[in-house]
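Note that the structure is a prediction, hence the values are computed from the model and not measured.
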Amino acid sequence: MSFFVLIIALFSACNTQNIDVTIQAFGAVGDSTTINTASIQQAVDYVNKRGGGRVTITDGAYVTGPIILRSDVEIHIDADAVVLGSLNQDDYPDSLNLFKDSLGQLFGVALFWGSDVRNVTISGKGTINGRGTPEFFNRKNPDHVRPSLIRIKDSENIVVKDVTLTNAASWVQHYIDSDSIWIDGI
């Protein structure tokens, strides 16, 4: 019987890896101009598909559009790293505007967003800067919905800790129909 329990424990350990990757391993460049959305998303998806773990953002200023959060993934932003929201509205596709308020009004996409995710963490001493300055907004398109920094819907076990959140174009954080949310030291 104990042999059978040992085999099950070893099998479980092999299937729930604790992967730790950097976004640079997926081609991200922290030069404050390169758009890194695809590289960051690939890192998040890679960790999620392998059972979970950490995606680390180190040294530099990484410009990105929306990143879709995945279950069992921690996004860790080191103290010397900044995630910068793209200033190009085309980097925020309308297809990602998935959230409506109780009046049916559309909420814009967020820089980090997730729906129906579990065990997600955003941590570290680094900064998420939405760059929601006046020059971000396109006065030719007044219907453009401004992005928030973090939006989570229908999810549980969410942690946001120790990171600096600044210059949101809309709401900084927005949690909808979600449980077990811990926010600390932001």
**Report entry** Chi angles and distances behind the side-chain contact (heavy atoms from CB on, under 4.5 Å) call for Ser32, Leu84
**Finding:** CA-CA 7 Å; Ser32 75; Leu84 298 169; 4.1 Å; yes

Requested in this report: Determine, stepwise, if the pair Phe26 / Val55 fulfils side-chain contact (heavy atoms from CB on, under 4.5 Å).
Outcome: CA-CA 11 Å; Phe26 292 83; Val55 173; over 6 Å; no

Report task. List the steps, then state whether side-chain contact (heavy atoms from CB on, under 4.5 Å) holds for Ile67 with Thr37. Result -> CA-CA 7 Å; Ile67 300 301; Thr37 311; 4.1 Å; yes

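Residues that satisfy the salt bridge (charged side-chain N to carboxylate O under 4.0 Å, His left out) test with Asp179, not counting sequence neighbours, are absent from this structure.
Looking at every heavy atom in both residues, Ile150 comes nearest to Ala110 through C-CB, 4.0 Å. Summarising the geometry of Val83 relative to Ile57, their closest heavy-atom pair is CG2-CD1, 3.7 Å, with the distance given to 0.1 Å. Between Ile68 and Gln41, the shortest heavy-atom contact is N-OE1, 2.7 Å. For Lys153 against Ser178, the heavy-atom pair with the smallest separation is C-OG, 3.7 Å. Heavy-atom minimum distance, Asn129 versus Leu149: C-CD2, 4.5 Å. Contact record, Val117 with Ser71: CA-OG, 3.4 Å, taken as the closest heavy-atom pair.
Once rounded to the nearest 0.5 Å, the distance linking CD1 of Ile77 with OG of Ser123 reads 7.5 Å. With rounding to the nearest 0.5 angstrom, the CG atom of Asn119 is 5.0 Å from the CG atom of Asp72. Within the model, atoms CG of Asp154 and CD1 of Ile176 stand 8.0 Å from one another, a figure rounded to the nearest 0.5 Å. Arg70 contributes atom CZ, which lies 4.5 Å from atom CG of Asp45 (distance to the nearest 0.5 angstrom). To the nearest 0.5 Å, the span separating CD1 on Ile35 from OG1 on Thr64 amounts to 7.5 Å.
Remark: the Asn88 side chain and the Ser86 side chain contain no N/O donor-acceptor pair separated by less than 3.5 Å.
A donor-acceptor pair under 3.5 Å is formed between the side chain of Arg131 and the backbone N or O of Gly85. Here the side chain of Asn36 pairs a donor or acceptor atom with the backbone of Thr34 at under 3.5 angstrom.
Side-chain atoms of Tyr62 and Gln24, non-hydrogen and from C-beta on, do get closer than 4.5 Å to each other. Taking the side chain as every heavy atom from C-beta outward, Asp78 and Thr56 approach each other to under 4.5 Å. Put simply, the side chain of Val160 does not reach to within 4.5 Å of the side chain of Phe112, judged on heavy atoms. The closest side-chain heavy-atom distance from Asn157 to Ser180 is below 4.5 Å. Proximity of Ile128 to Ile122: side-chain heavy atoms (C-beta onward) are separated by under 4.5 Å at one or more points.
Residues Leu69 and Val172 share a single hydrophobic cluster, defined by chaining ILVMFWY side chains whose heavy atoms lie under 4.5 Å apart. Ile23 and Val163 fall within the same hydrophobic cluster, defined by Ile, Leu, Val, Met, Phe, Trp and Tyr side-chain heavy atoms under 4.5 Å apart, directly or through other members. Hydrophobic clustering (ILVMFWY, side-chain heavy atoms < 4.5 Å, transitive): Val29 and Val21 are in distinct clusters. Connection of Leu165 to Tyr92 is established within a shared hydrophobic cluster, with ILVMFWY side chains joined at heavy-atom distances below 4.5 Å, either directly or through further cluster members. A continuous path of ILVMFWY side-chain contacts below 4.5 Å connects Val47 to Trp113, so both sit in one hydrophobic cluster.
Applying the salt bridge (Lys or Arg N to Asp or Glu O under 4.0 Å) test to every pair with at least one member in residues 51-63, sequence neighbours left out, gives these pairs: Arg54-Glu74.
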